[in-house]
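Written below as structure tokens is the structure these notes are about.
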Protein chains: 2
Amino acid sequence: MEVREYKRDEWIIREGMRPDYLYYVIEGKAKIYVTYQNGKVSLINFINAHDYIGEMELLNEVYYTKGVQTSTKIICFAIPLHHYRTRLLEDTTFLRELTKFLSMKATKMAEKYSQSLSFPLENRLADFILQTADGEIYKEKHVTVCDFLGVSYRHFLHVLVQFCDKGYLLKEGRHYCIRQSDALHRLADVLKNESF
Amino acid sequence: MEVREYKRDEWIIREGMRPDYLYYVIEGKAKIYVTYQNGKVSLINFINAHDYIGEMELLNEVYYTKGVQTSTKIICFAIPLHHYRTRLLEDTTFLRELTKFLSMKATKMAEKYSQSLSFPLENRLADFILQTADGEIYKEKHVTVCDFLGVSYRHFLHVLVQFCDKGYLLKEGRHYCIRQSDALHRLADVLKNESF
DNA sequence: ACAATAATATGAGATATCTCATATTTTGGG
DNA sequence: CCCAAAATATGAGATATCTCATATTATTGT
């Protein structure tokens, strides 16, 4: 097992190229992308500390590998599959851990999926802002967010400006300051199911 | 371990009620639903033979249980969790099998998610029709499909009628007959990524 | 066999979202 | 420090999709 380091914006895995390693992220953030035939590129998910990368390829002989690009510096473990594949697949503790990770991943995806179909951007953006804000400050890159929420830049900005007009957010140079988190919460809560 | 049978339209798991069993489907089909605060109900996924039900609750202490309703008669194994939970979580063969199942589930969800955001109903419906058609005959219930694809009945029908107008489909009483599968394939192929 | 309920169907107007065109500002590399 | 590329901004018109209203046909329970 090696410890590896990737710089910001480096590709850990190229789309379509089966990786030879299983990665476990110690520190940093990354993004998973897929490209469609018409050239459209879609941001599928974020990867954070304690996530696995390449677990699909460990488990499935046939699998279309998505691209993984770092968005900060990343430090991770890299376990060579050719050597440890069999051993990993016989290790109960590892399997249990991986199963938990995958079940969370599947659940979150299912949630995002049904939310994306059921609610307009207004609600999903409110949720995203609250989830990614650092205290009162929201400062994600617009382009990345559009990708992630799967909407056009134009429409995204339209809704963001509305939030400002309504006084939910205040634009401060490069950042946005959350002014009425209660209003945002009301919008975001619509996404939640009855359990909350 | 028991063998259980559920009739059509029965609820195997009620939303929000933690199940006491892990199920493995031998035969039949079911649907997973979630209800939002505003009362909107969303069909998240289909369950088919060889799928697990309740695996999330086996793995995660905290998990909001989705509702599962049969759409045909279902025959399944039911494994009582209070008795076998620990043993299951130590069984390598079972864990490996479950991990594979979950990785497929996560992948499919991710695919559906990014597709739903990236393409209009026209493409997604073409894909759905081809995937669920029995030979040349498509006969899913409109209401269920709307739910699944996350669009209004009105819009769904609008697009379906277009397919008929264009001669892709021919309405025959209750069913639809696929007349130009090539045209549908062209629409559906846009969803595929470069790997295909 | 009948009534109630669910599914199918259609129209019209509103809203959400996209595409394209274009301008300004910020940022990274040499 | 300068340039090219990326990110941010804004307008206008097109399209996808939703909501609501209202019929007509199946299906189901009794």
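Quick note on labels: first sequence line is chain A, next is B, and so on, each numbered from 1.
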Judged by modelled atom types alone, do [X] and [Y] share a side-chain donor-acceptor pair under 3.5 Å?
| X | Y | result |
| --- | --- | --- |
| A:Y64 | A:E15 | yes |
| A:Y6 | A:Q69 | no |
| A:S103 | B:E55 | no |

May I have the distance from [X] (atom [atom1]) to [N] (atom [atom2]), rounded to whole angstrom?
| X | N | atom1 | atom2 | answer |
| --- | --- | --- | --- | --- |
| A:F119 | D:dC18 | CZ | P | 13 Å |
| B:E140 | C:dT8 | CD | C1' | 16 Å |
| A:Q69 | D:dA6 | CD | C1' | 13 Å |
| B:Q162 | C:dT10 | CD | C1' | 14 Å |
| A:E122 | C:dT15 | CD | P | 13 Å |
| B:L121 | D:dT15 | CG | P | 17 Å |
| A:D9 | C:dT27 | CG | P | 14 Å |

- Under-4.0 Å salt bridge between B:R85 and B:E61: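 Yes, this pair counts.
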- Task: Could you tell me whether A:E122 and A:K166 have a side-chain N and a carboxylate O separated by less than 4.0 Å?
- Result: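 Here A:E122 pairs with A:K166 in a salt bridge, since their nearest N and O are under 4.0 Å apart.
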- Query: Which residues in residues 143-160 of chain A have at least one heavy atom lying under 4.0 Å from any atom of DNA chain D?
  - Reply: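 A:V143, A:Y153, A:R154, A:L157 - these, ordered by number, are the residues of the stretch whose heavy atoms sit under 4.0 Å from the strand.
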- Item | CE on A:M56 to NZ on A:K66, rounded to 0.5 Å |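 CE of A:M56 is found 8.0 Å from NZ of A:K66.
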- Message: Looking at every heavy atom in both A:E57 and A:P19, which two are closest together, and how far apart are they?
- Response: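 Looks like CG-CD, 3.5 Å.
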- Message: Which heavy atom of B:N123 sits nearest to which heavy atom of B:L191, and what is that distance?
- Response: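 In terms of heavy atoms, the two residues are closest at CB-CD2, 3.9 Å.
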- Query: For DNA chain C, what residues of residues 175-188 of chain B have any heavy atom nearer than 4.0 Å?
  - Reply: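 Listed by number, they are B:Y176.
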- Task: Determine, for A:Y21 and A:R4, whether the Lys NZ or Arg CZ falls below 6.0 Å from the six-membered ring centre while staying within 45 degrees of the axis.
- Result: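 Yes, A:R4 sits over the ring of A:Y21.
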- Task: Kindly point out which of D:dT17, C:dT8, D:dT10 is positioned nearest to the side chain of A:V161?
- Result: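 Side chain of A:V161 sits closest to D:dT10.
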- Item | Base-contact (B) and sugar-phosphate-only (S) positions in nucleotides 24-30 of chain D, heavy-atom cut-off under 4.0 Å, - elsewhere | --SS---
- Can you list the steps and then say if B:Y52 with B:E97 is a side chain to side chain donor-acceptor pair (under 3.5 Å)? CA-CA 10 Å; B:Y52 289 91; B:E97 154 100 1; 3.3 Å; yes
- Can you tell if the side chain of B:R8 reaches within under 4.5 Å of the side chain of B:K73, non-hydrogen atoms only?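 They are not in contact (no side-chain heavy atoms under 4.5 Å apart), so the answer is no.
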